[in-house]
Q: 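Please read through the structure below; I'll follow up with questions.
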Amino acid sequence: MASQEVPKTCKVILADTIAKKMMAEVKETLAKLQGTVNSKPTLSAFLANDDPAAAQYAEWSKKTCEENGFNFNLVKVQKELLEDAIVVANNDDNVDGIIVYYPIWAGNQQQDRYIQETVALSKDVEGLCHTHLFNMYHNQRFLDPPTNLRKSILPCTPLAIVKALEHLQIYNPILAYGNRLYGKTITVINRSEVNGRPLAALLANDGATVYSVDITGVQLFTRGSGIRAPRHKVLDKEGWGLKDVLPLSDVVIGGVPTENFKVPTDLIREGAVCINFSSYRNFDGPAVKEKASIYVPSIGKVTIAVLLRNLVRLIANRDAEKSKLDDLKDD
């Protein structure tokens, strides 16, 4: 009698599956905010580089916006004129949110950081200005404590990965908010200021043990206690590398922006969850399917759904601020 073949256990989850559910929630929230008003929110996007991945992201964003009742205004501009163009959008009441595609100045993070601060807080759909980043790193959810009417904005790609992990039920819904990753060990291979570091902080603030890996080495992110609120702490792991952290990890997240990098499949533990958010495939697809329990090959469409979720949140924040000002006038 022939032996039965053992079925593969890896399940491939496409970004589109996760994004569709999120977009339904976004449209429902927007409808509640708008009531009988049927105007289309407007997202202005600024492209000042020649990165093909950024151009593709812009194209996907435009398509998703138009399919779901949002206006998308793509502005291609020389980087020397970018600041002035953003200031114009900041002062335009018809613009509800602003996104800028990074990097702009290769090798000069300070100049990119300056542009991030140029975007008005009320229109920062990416959550990259100092106030939003401060709140994220300090695990503060609102812009206006103790009133707590206006929620802070989280960076799109890190939040997209969090939402993907929630969809995959890596977050434990039985536990309290802020503790739902307790007991999970996660490796994030990317420590950029836009994606990798914010992601490691978010996961650590939710209770995970996070190994953040880049070309300079490994840092351990865990939840500690700050002066104002519970927040993550960081420890350098001298001499550590992927060989030390991948065998420990329940979840492996790849975000290295080069086609030359591949996560060593032989180091991944059996049954791990593997997620790729780079525009390149950081995992050897056929090989990782033999090792992982769940594989998410891309996250781009979820990022766009989060982008529109953040845009709706900006509109809700604006309405809350207007209502507060109206109440003050009536007093």
Q: As a quick check of understanding, evaluate side chain to side chain contact (heavy atoms under 4.5 Å, CB included) for Lys237 and Gln219, giving each step before the final call.
A: CA-CA 5 Å; Lys237 301 294 288 183; Gln219 290 184 334; over 6 Å; no
Q: Is the closest side-chain heavy-atom distance between Leu30 and Asn68 below 4.5 Å?
A: no
Q: Using a cut-off of 6.0 Å, state whether more than 12 heavy atoms not belonging to Lys291 lie near its atom NZ.
A: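 Result for NZ/Lys291: enclosed.
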Q: With respect to Leu159, which candidate in Leu307, Ile153, Leu199, Asn310 satisfies the side-chain contact (heavy atoms from CB on, under 4.5 Å) definition?
A: Asn310
Q: From Arg150 CZ over to Leu314 CG, what is the distance, rounded to the nearest 0.5 angstrom?
A: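 That separation rounds to 10.5 Å.
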Q: Quick one: pull up NZ in Lys289 and CD1 in Ile294 and give me the separation to the nearest 0.5 Å.
A: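 Here the rounded value is 14.0 Å.
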Q: Does Asp112 reach the main-chain N or O of Pro103 with its side chain, forming a donor-acceptor pair under 3.5 Å?
A: no
Q: Regarding Gln110 and Arg113, is there a side-chain donor-to-acceptor distance under 3.5 Å anywhere?
A: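 No, no side-chain donor-acceptor pair sits under 3.5 Å.
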Q: Could you see if Val213 belongs to whatever hydrophobic cluster contains Val251? Use Ile, Leu, Val, Met, Phe, Trp, Tyr and a side-chain cutoff under 4.5 Å.
A: no
Q: Answer yes or no: is there a side-chain heavy-atom contact under 4.5 Å between Ser212 and Arg197?
A: no
Q: Can you confirm whether more than 12 heavy atoms, excluding those of Gln109, are under 6.0 Å from its CD atom?
A: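 Counting other residues, nucleotides and ligands, CD of Gln109 stays at 12 neighbours or fewer.
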Q: Should we count CG of Asp266 as having more than 12 external heavy atoms under 6.0 Å?
A: yes
Q: Output the distance between atom CZ (Arg223) and atom CG (Asn179), rounded to the nearest 0.5 Å.
A: 4.5 Å
Q: Has Asp96 got a side-chain atom pairing as donor or acceptor with Thr42's backbone, closer than 3.5 angstrom?
A: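 Yes, because the side chain of Asp96 sits within donor-acceptor range (under 3.5 Å) of the backbone of Thr42.
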Q: Whether the side chain of Thr258 engages the backbone of Asn260 through a donor-acceptor N/O pair (distance < 3.5 Å, no angle test) should be reported.
A: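 Side chain of Thr258 to backbone of Asn260, a donor-acceptor pair under 3.5 Å: yes, one is there.
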Q: Check whether more than 12 heavy atoms from other residues, nucleotides or ligands sit under 6.0 Å from atom OH of Tyr114, and answer yes or no.
A: no
Q: Any salt bridge linking Glu66 with Lys62? Criterion: basic side-chain nitrogen under 4.0 Å from a carboxylate oxygen.
A: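 A salt bridge links Glu66 with Lys62.
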Q: Which atom names give the shortest non-hydrogen contact between Leu308 and Met23, and what distance separates them?
A: CD1-CE, 3.7 Å
Q: Are Ser152 and Met136 close enough that some pair of their side-chain heavy atoms sits under 4.5 Å apart?
A: no
Q: Is it true that a side-chain atom of Gln140 and a backbone atom of Phe134 form a donor plus acceptor pair closer than 3.5 Å?
A: no
Q: Kindly compute the distance separating CG (Leu121) from CG (Leu143), expressed to the nearest 0.5 Å.
A: 5.5 Å
Q: Verify the cluster assignment for Leu203 and Val263: are they in a single hydrophobic cluster under the rule of side-chain heavy atoms below 4.5 Å apart?
A: no
Q: Let me see the working for Lys151 and Phe142 under side chain to side chain contact (heavy atoms under 4.5 Å, CB included), right down to the final yes or no.
A: CA-CA 4 Å; Lys151 289 187 176 179; Phe142 293 91; 3.6 Å; yes
Q: Would you find a donor on one side and an acceptor on the other, under 3.5 Å apart, between the side chain of Asp319 and the backbone of Ala316?
A: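 It does not hold such a pair.
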Q: In Å, rounded to the nearest 0.5 Å, how long is the span from CD of Gln116 to CD1 of Ile104?
A: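 The distance works out to 8.0 Å.
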Q: Check whether Arg269 reaches the backbone of Leu248 with its side chain - one donor and one acceptor, N or O, closer than 3.5 Å.
A: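 Pair found, side chain donor or acceptor close to backbone of Leu248.
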Q: Locate the shortest heavy-atom distance separating Cys156 from Thr303; write the atom from each residue and the value.
A: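 Reported closest heavy-atom pair: CB-CG2, 3.9 Å.
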Q: Knowing that exactly one of Asn90, Asn73, Val125 qualifies, which makes a side-chain contact (heavy atoms from CB on, under 4.5 Å) with Ile98?
A: Asn90
Q: Would a single hydrophobic cluster contain both Tyr280 and Ile161, if residues Ile, Leu, Val, Met, Phe, Trp and Tyr are joined by side-chain heavy-atom contacts under 4.5 Å?
A: no
Q: Between Leu14 and Val12, is any pair of side-chain heavy atoms under 4.5 Å apart?
A: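 Touching, per the 4.5 Å side-chain cut-off.
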Q: Locate the shortest heavy-atom distance separating Arg191 from Asp214; write the atom from each residue and the value.
A: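 Heavy-atom minimum between the residues: NH2-OD1, 2.8 Å.
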Q: Do Trp240 and Val245 come close enough that some side-chain heavy atom pair is under 4.5 Å?
A: yes
Q: Are Lys79 and Asn49 packed together at the side-chain level, in the sense that at least one heavy-atom pair is separated by less than 4.5 angstrom?
A: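 They are not in side-chain contact.
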Q: Can you name the closest pair of heavy atoms from Ala89 and Val95 and give their distance?
A: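 Scanning both residues completely, I find the closest heavy atoms to be O-CB, 3.8 Å.
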Q: Within a radius of less than 6.0 Å around CZ of Phe261, do more than 12 heavy atoms belonging to other residues, nucleotides or ligands occur?
A: yes
Q: Run the numbers on Val119 and Phe46 for side chain to side chain contact (heavy atoms under 4.5 Å, CB included), then give the verdict.
A: CA-CA 11 Å; Val119 177; Phe46 291 89; over 6 Å; no
Q: Answer yes if the side chains of Arg141 and Asn148 hold a donor-acceptor pair under 3.5 Å, and no otherwise.
A: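 Side chains of Arg141 and Asn148: no pair found under 3.5 Å.
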Q: Quick check on the hydrophobic clustering: are Ile189 and Phe283 connected, directly or via other members, by side-chain heavy-atom contacts under 4.5 Å?
A: yes
Q: Counting only heavy atoms not in Glu80 (residues, nucleotides, ligands), do more than 12 fall under 6.0 Å from its CD?
A: yes
Q: Looking at CD1 of Ile115 and OH of Tyr102, how far apart are the two atoms once the value is rounded to the nearest 0.5 Å?
A: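 It is 6.5 Å, given to the nearest 0.5 Å.
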Q: Return yes when atom CD1 of Ile215 has more than 12 non-hydrogen atoms of other residues, nucleotides or ligands closer than 6.0 Å, and no otherwise.
A: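 Counting neighbours around CD1 of Ile215, 12 or fewer heavy atoms of other residues, nucleotides or ligands fall under 6.0 Å, so no.
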Q: Are Ile304 and Leu47 connected into the same hydrophobic cluster when the rule is that any two of I, L, V, M, F, W, Y join if their side-chain heavy atoms are below 4.5 Å apart?
A: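 Result: yes, single cluster for both.
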Q: Has the side chain of Asp92 got a donor or acceptor atom that lies under 3.5 Å from a matching backbone atom of Val88?
A: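 No; judged by distance alone, with no hydrogens or angles, the pair does not exist.
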Q: Donor-acceptor pair, distance only, cut-off 3.5 Å: does the side chain of Thr187 make one with the backbone of Val252?
A: no
Q: Run the side chain to side chain contact (heavy atoms under 4.5 Å, CB included) check on Thr222 and Leu235 step by step: do they pass?
A: CA-CA 8 Å; Thr222 55; Leu235 175 69; over 6 Å; no
Q: Would you please say whether a donor-acceptor pair under 3.5 Å links the side chains of Asp51 and Tyr101?
A: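 Checked: Asp51/Tyr101 side chains show no N/O donor-acceptor pair below 3.5 Å.
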Q: Using modelled atom types and a 3.5 Å cut-off, is there a donor and acceptor pairing between side-chain atoms of Asp206 and backbone atoms of Leu181?
A: no
Q: For residues Ala15 and Ser298, report the shortest heavy-atom separation together with the two atoms involved.
A: CB-O, 3.4 Å
Q: If I compare all heavy atoms of Pro198 with all of Pro158, which pair ends up nearest, and what's the gap?
A: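 Smallest heavy-atom distance, with atoms named: CB-CG, 4.0 Å.
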Q: Under a 4.5 Å cut-off applied to non-hydrogen side-chain atoms, are Arg318 and Ile315 in contact?
A: yes
Q: Between the side chain of Glu117 and the main-chain N/O of His130, is any donor-acceptor distance below 3.5 Å?
A: yes
Q: Below 4.5 Å, heavy atoms only, C-beta onward: do Asn276 and Cys274 meet side chain to side chain?
A: no
